[in-house]
Amino acid sequence: MSARPIDEPYRSSSQLELLFDLIFVVAVAAATDELAHGIADGHGWAALGGFLQVFFAIWWAWMNFTWFASSYDTDDVAYRLLTMVQMTGVLVLAAGVPAAAGSDYRAVTAGYVLMRIGLVAQWLRAGVEDTAGRRTALRYAAGISFLQVCWVARLVLAETGVVPPALLPALFAVLVVLELAVPRWAERTGSTNWHPHHIAERYGLFTIILLGEGVLAASRGVRGALESAELSGPLITIAVAGLVLLFALWWLYFLEPAGAGLDDRRDRSYLWGYGHYGIFTALAALGAGLEVAVEDTGHGISASPLAISYAVAGSAALFLVMLGLVHSPIVAEPVVRPVAILACVTVVLLLPLAAPRFGVAVVVAGIALGCALLTAFAVTPKSKPN
């Protein structure tokens, strides 16, 4: 195992990476479904806390594998088997998502640790076989291993009641900060050879997966609504507007030349990579919001029209804000102007206030229209001054 060149031509995602992403679809779908149930039952804020914790585990495991593979993907038997160990961990984590909604994190922790064990083995192998990057690889292995012990200790302390439930979110936040610090600490001895265009493609593919989850969540809502009511105007409106909204967000994301930007500004890759947690979380939460919005047209649910509307609007607004923040460090001139994003976000966040009077369908249609207009403004050629 040796580091791959950072300027390797025509570098693209491998079949194994695509299979890896497919496995993550299961975990994301489980987390999104639980969030949708929480919103529909009128417990959106409580469900959001658990969702953010579970989604961090999903995102961080995916991201760590992605950057490792960009540097050390040998695609031999040992590499494939260890990657499959990580996939198994994803499935265990996904199976534990419903229990995590009830504050039982045993299966989620077990799946997360299993994923990380596979990654530690990959880093140890890289440390043994790649002498140039040995110190960095061994630092990664040591940092990840230490934190897995910490996660297990957190679970034990929670299960035995040593740590009060009120303190568990703070302990989770501390461990998250430490997780995020491992790459910076490990690469102080030398940077890994990640490929900028490969990384941009991998993030783009995961974005598409999350947009697909939004379509799937909305379709579940349509099915549920049709089972309890006839086809209605609000149902059709939300279904069409949801698709328009997802199409607009897809278009906006891929307007920015991320690969070229990462190639020119490799030192800013942490801001770009870490910032995608907000983008990915927003897309996953948007799917849950759309599902509840569609479900509300079929039968009454506990959530108020205001809460449902803000589940959609808040997710869309977060996506737009994070899109601007994530790409600004790596592009010389953003395609989507910050002023335009701010204007669109303001409108999107104000629209739910009309939900009690005009209904959720009108609000979702307005959000979709606002994002579509932002897309149209971004792709319209700008006249250059003489």
Side-chain angles (χ1 to χ4, degrees), residues 1-7 52-53 55-73 86 112-113 115-128 130-154 169-203 206 258-281 322-331:
M1 177 176 280
S2 59
R4 297 183 65 158
I6 63 175
D7 56 352
L52 292 176
Q53 294 184 50
F55 195 82
F56 172 81
I58 296 171
W59 165 74
W60 188 241
W62 176 88
M63 198 178 90
N64 277 209
F65 166 80
T66 296
W67 289 80
F68 175 87
S70 191
S71 302
Y72 287 107
D73 185 358
Q86 296 177 68
Y112 183 70
V113 170
M115 286 188 287
R116 308 295 275 165
I117 288 174
L119 183 62
V120 167
Q122 297 274 40
W123 279 116
L124 289 174
R125 183 186 175 198
V128 170
D130 180 26
T131 55
R134 177 169 298 166
R135 292 184 64 190
T136 299
L138 294 180
R139 278 183 168 230
Y140 266 110
I144 295 171
S145 298
F146 170 74
L147 279 164
Q148 300 331 291
V149 174
C150 292
W151 285 113
V152 173
R154 176 186 180 272
L171 183 56
F172 176 86
V174 170
L175 292 178
V176 166
V177 171
L178 293 176
E179 286 274 15
L180 297 175
V182 168
R184 293 300 297 257
W185 171 73
E187 301 207 10
R188 289 179 63 183
T189 58
S191 300
T192 51
N193 284 21
W194 52 272
H195 193 290
H197 294 279
H198 174 249
I199 286 293
E201 181 193 23
R202 297 290 295 122
Y203 273 70
F206 201 66
L262 288 171
D263 192 18
D264 294 336
R265 298 171 175 84
R266 291 179 67 90
D267 58 315
R268 301 180 183 179
S269 60
Y270 286 101
L271 296 174
W272 186 86
Y274 285 6
H276 268 77
Y277 174 71
I279 289 178
F280 293 160
T281 302
M322 292 307 303
L323 183 67
L325 293 177
V326 159
H327 285 102
S328 60
I330 65 168
V331 295

Using side-chain heavy atoms (C-beta onward) and a distance below 4.5 Å, is [X] in contact with [Y]?
| X | Y | answer |
| --- | --- | --- |
| W272 | I199 | yes |
| Y72 | R4 | no |
| W151 | L175 | yes |
| W67 | P183 | no |
| V176 | W60 | no |

Measure up the [X] and [Y] rings against each other and bin them: parallel (under 30°), tilted (30 to 60°), perpendicular (over 60°).
| X | Y | answer |
| --- | --- | --- |
| W62 | F206 | parallel |
| W59 | Y277 | tilted |
| Y270 | Y274 | perpendicular |

- Query: Could R139 and W123 be counted as a cation-pi pair, given that NZ or CZ must be under 6.0 Å from the ring centre and within 45° of the axis?
  - Reply: no
- Using distance alone, with no hydrogens and no angle criterion, decide if Y112 and Q148 have a side-chain donor and acceptor under 3.5 Å apart. no
- Is it true that the side chains of S70 and H195 contain a donor and an acceptor less than 3.5 Å apart? no
- Does E179 pair with R116 as a salt bridge, N-O distance under 4.0 Å? yes
- Message: Which heavy atom of W194 sits nearest to which heavy atom of S71, and what is that distance?
- Response: N-OG, 3.3 Å
- Message: I need the L180 CG to F56 CZ distance, nearest 0.5 Å.
- Response: 5.0 Å
